Trainee: 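Quick one: the structure is below, and I'll ask about it shortly.
In this text the structure is predicted, and so the values were computed from the model without any measurement. Computed over heavy atoms, backbone and side chain alike; hydrogens, waters and symmetry mates excluded. Numbered from 1 within each chain, the chains take letters A, B, ... in sequence-line order.
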2 protein chains.
Amino acid sequence: MIRASIPEVSDSVFRLSKITDYGIVILAHLGREPEIVTHNAREVAGQVDLPVPVVSKVLKTLARKGLLESQRGAKGGYLLARRPEDLTVADMVAALEGPLAITECNVAPQLCQHEGHCAVKGPWKVINDVMKEALARVTLADLIDPSFPSEITPLQILGRLPRSETGPGVHHD
Amino acid sequence: MIRASIPEVSDSVFRLSKITDYGIVILAHLGREPEIVTHNAREVAGQVDLPVPVVSKVLKTLARKGLLESQRGAKGGYLLARRPEDLTVADMVAALEGPLAITECNVAPQLCQHEGHCAVKGPWKVINDVMKEALARVTLADLIDPSFPSEITPLQILGRLPRSETGPGVHHD
DNA sequence: TATTTACAGGACCGAATCAGTCCGATATGA
DNA sequence: TCATATCGGACTGATTCGGTCCTGTAAATA
Ligand code: FES
Ligand code: FES
């Protein structure tokens with residue numbers, strides 16, 4: 001999380017963007033201090049050690065997507081819209097980067113040119129689903145839990161029960 | 001695969017780049033016609049309906065990464081370096097886009113600023129591993145197999161036996 | 001040997017995306 | 001009324017992406 005800013009490695013795949021990176025750190029911070037009613041951008045920026053405009057931008061999008069609730073005016077700020085157990089990493093990533101789709105046809109059906117002899121569609125959908133599941137099985141509660149197992153097999157993760165069985169994260173946008 | 005070129009959607013996460021897109025289609029084509037000894041760029045470009053320079057570029061990288069073997073000179077071309085069952089999607093993606101790492105610390109350890117109180121490291125590694133597994137469980141043989149199940153649960157995929165238990169795809173670079 | 005075919009490697013450029021900043025408007029509390 | 005803070009969006013420089021092209025080298029054929 002929050003990569004160093006001097007070196008640029010950048011030749012790896014599926015890396016999430018910096019704002020997403022920031023956003024998840026910020027959410028973890030908010031989840032870790034539930035006693036504070038509203039966090040304003042300046043305070044969060046101080047805690048996370050990031051410039052205020054950036055934090056502000058991230059907070060705004062998170063609020064717009066319904067992951068945070070905002071309170072305007074003096075003494076205003078942000079607070080979590082749901083319980084940490086009900087906020088999945090899939091929700092966070094979706095809010096900050098858009099829907100998960102490794103292939104075009106995974107976001108909107110059939111943009112593929114050779115739709116007819118595209119024998120590749122099935123396998124990609126499967127892989128896409130696995131990724132979705134992986135992100136949906138980890139919640140903000142896990143992120144802020146120091147006892148979260150650092151060594152766990154993929155099968156074990158996917159075998160866990162989903163957190164909220166009913167409606168896993170549709171938000172009022 | 002091979003998205004239409006007119007509309008640009010592009011606000012989704014984990015989408016693979018076009019060259020990777022092309023590359024996998026090309027590999028599928030090569031795997032589907034094993035009787036031909038060597039495929040040259042022009043022929044492949046015709047089959048896949050893509051400009052020759054692009055196909056050439058993709059083929060070159062695939063050869064350099066060891067997924068294809070190349071034969072220079074007249075009557076030259078490319079052919080698969082391994083059996084389709086031994087070539088995983090993880091190999092393809094790694095060759096065309098680099099290593100899978102959603103977070104910086106998944107590619108090189110500890111570039112995270114707040115390494116001390118980074119409670120987020122563990123969960124991210126887990127998610128990263130699940131993605132790797134998903135890609136490693138699907139092979140070129142699956143891609144060209146019309147009977148590949150289009151509906152299959154993530155658990156079933158990860159439950160499958162890895163194709164080659166010994167040395168899952170290190171290549172002579 | 002001369003010629004043709006086809007890969008190897010890399011330079012190159014325009015387009016699109018990303019990261020970060022800033023501004024005017026609005027809402028709330030004192 | 002004033003200070004504070006979010007809201008929405010515009011804006012810019014840096015980077016990456018997608019695609020083309022050029023020079024060199026290896027192999028086959030006549
Ligand atoms: S050290 Fe890897 S996410 Fe912080
Ligand atoms: S239709 Fe989705 S990959 Fe071809």
Trainee: Does B/F148 form a side-chain contact (heavy atoms from CB on, under 4.5 Å) with A/V126? I'd like the steps, not just the answer.
Mentor: CA-CA 10 Å; B/F148 185 88; A/V126 170; 4.0 Å; yes
Trainee: Does A/Y22 have a side-chain nitrogen or oxygen under 4.0 Å from the phosphate oxygens OP1 or OP2 of C/dA19?
Mentor: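 No.
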Trainee: In whole angstroms, how far is the P atom of D/dT16 from the CD atom of B/E97?
Mentor: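 The distance from CD of B/E97 to P of D/dT16 comes to 14 Å, rounded to the nearest Å.
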Trainee: Kindly determine whether A/V130 and B/M131 satisfy side-chain contact (heavy atoms from CB on, under 4.5 Å), including the steps that lead there.
Mentor: CA-CA 7 Å; A/V130 174; B/M131 293 187 175; over 6 Å; no
Trainee: Separation of A/R64 atom CZ from D/dA5 atom P, in whole Å?
Mentor: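 These atoms are roughly 21 Å apart.
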Trainee: Between the base of C/dG20 and the side chain of A/K57, is there a donor and acceptor pair under 3.5 angstrom?
Mentor: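 Yes, a donor-acceptor pair under 3.5 Å.
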Trainee: Pairing donors with acceptors under 3.5 angstrom, does anything connect the side chains of A/R64 and A/T61?
Mentor: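 Judged by distance alone, the side chains do not pair up.
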Trainee: What's the separation between atom CH2 in A/W124 and atom CG in B/D21, rounded to the nearest 0.5 Å?
Mentor: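 If I round to the nearest 0.5 Å, the distance is 8.5 Å.
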Trainee: Starting at atom CD of A/E69, determine the distance to atom C1' of D/dA5, rounded to an integer number of angstrom.
Mentor: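 Atom-to-atom, A/E69 to D/dA5, this comes out as 17 Å.
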Trainee: Between atom CG of A/L62 and atom CG of A/L68, what is the distance when rounded to the nearest 0.5 Å?
Mentor: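 Answer rounded to 0.5 Å: 5.0 Å.
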Trainee: Compare side-chain N and O positions of A/Y78 against OP1 and OP2 of D/dC7 and report whether any pair is under 4.0 Å apart.
Mentor: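 Yes.
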Trainee: Can you tell me which nucleotide in C/dA19, C/dG20, D/dA27 comes closest to the side chain of A/V54?
Mentor: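 The closest nucleotide is C/dG20.
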Trainee: Using nucleotides 1-5 of chain C, report all nitrogen or oxygen pairs with the protein that are shorter than 3.5 Å.
Mentor:
unit_1 : atom_1 : unit_2 : atom_2 : d
C/dT5  : O2     : B/A74  : N      : 2.9

Trainee: Does a side-chain N or O from B/S70 land closer than 4.0 Å to OP1 or OP2 of C/dA8, or not?
Mentor: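 Yes, within the criterion.
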Trainee: Can you tell me the distance, in whole Å, between the CD atom of B/Q71 and the P atom of D/dA28?
Mentor: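 Those two atoms, CD and P, are 6 Å apart.
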Trainee: Rounded to the nearest angstrom, tell me the gap between atom CG in A/L79 and atom C1' in D/dT6.
Mentor: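 Going from A/L79 (CG) to D/dT6 (C1'), I get 13 Å.
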Trainee: Cluster question for you: counting only ILVMFWY and a side-chain heavy-atom cut-off of under 4.5 Å, with indirect links fine, are A/L79 and A/I24 together?
Mentor: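 Hydrophobic grouping puts A/L79 apart from A/I24.
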Trainee: If you take atom types as modelled and just measure distance, does the side chain of A/K60 reach the base of D/dG8 with a donor-acceptor pair under 3.5 Å?
Mentor: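 By the distance-only test, yes, there is a pair.
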Trainee: Whole-Å distance between D/dG8 P and A/K65 NZ?
Mentor: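 One finds 12 Å between P of D/dG8 and NZ of A/K65, rounded.
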Trainee: So, B/D91 and B/R82, do they make that salt bridge, N to O below 4.0 Å?
Mentor: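 Looking at B/R82 together with B/D91, the answer is yes, because their closest N to O distance falls below 4.0 Å.
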Trainee: Under the side-chain contact (heavy atoms from CB on, under 4.5 Å) criterion, do A/K121 and B/L143 qualify, and how do the steps go?
Mentor: CA-CA 9 Å; A/K121 178 171 46 173; B/L143 294 186; over 6 Å; no
Trainee: Between the side chains of B/E97 and B/T20, does any donor sit under 3.5 Å from an acceptor?
Mentor: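 Their side chains do contain a donor-acceptor pair, which is all the 3.5 Å distance test asks for.
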Trainee: Under the criterion side-chain contact (heavy atoms from CB on, under 4.5 Å), I'd like the reasoning laid out for B/L140 against B/L80: C-alpha separation, chi angles, the key distance, then a yes or no.
Mentor: CA-CA 11 Å; B/L140 180 56; B/L80 288 177; 3.9 Å; yes
Trainee: Could you tell me how far apart A/L96 (CG) and C/dA19 (P) are, to the nearest whole angstrom?
Mentor: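 Rounded to the whole Å, the gap is 11 Å.
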Trainee: Figure out the CD/P separation between B/E43 and C/dA6, and round it to whole Å.
Mentor: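 Distance, rounded to whole Å: 11 Å.
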Trainee: Quick check on the helix from C/dT1-D/dA30 to C/dA30-D/dT1: what's the angle between its two end axes, five base pairs per end, to the nearest 10°?
Mentor: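 If I round to tens, the end axes sit 10° apart.
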Trainee: For B/V52 and A/S56, take the nucleotide of DNA chain D holding the closest heavy atom to each; which residue's nucleotide lies nearer the 5' end?
Mentor: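 First, find each residue's nearest nucleotide; the 5'-ward one identifies A/S56.
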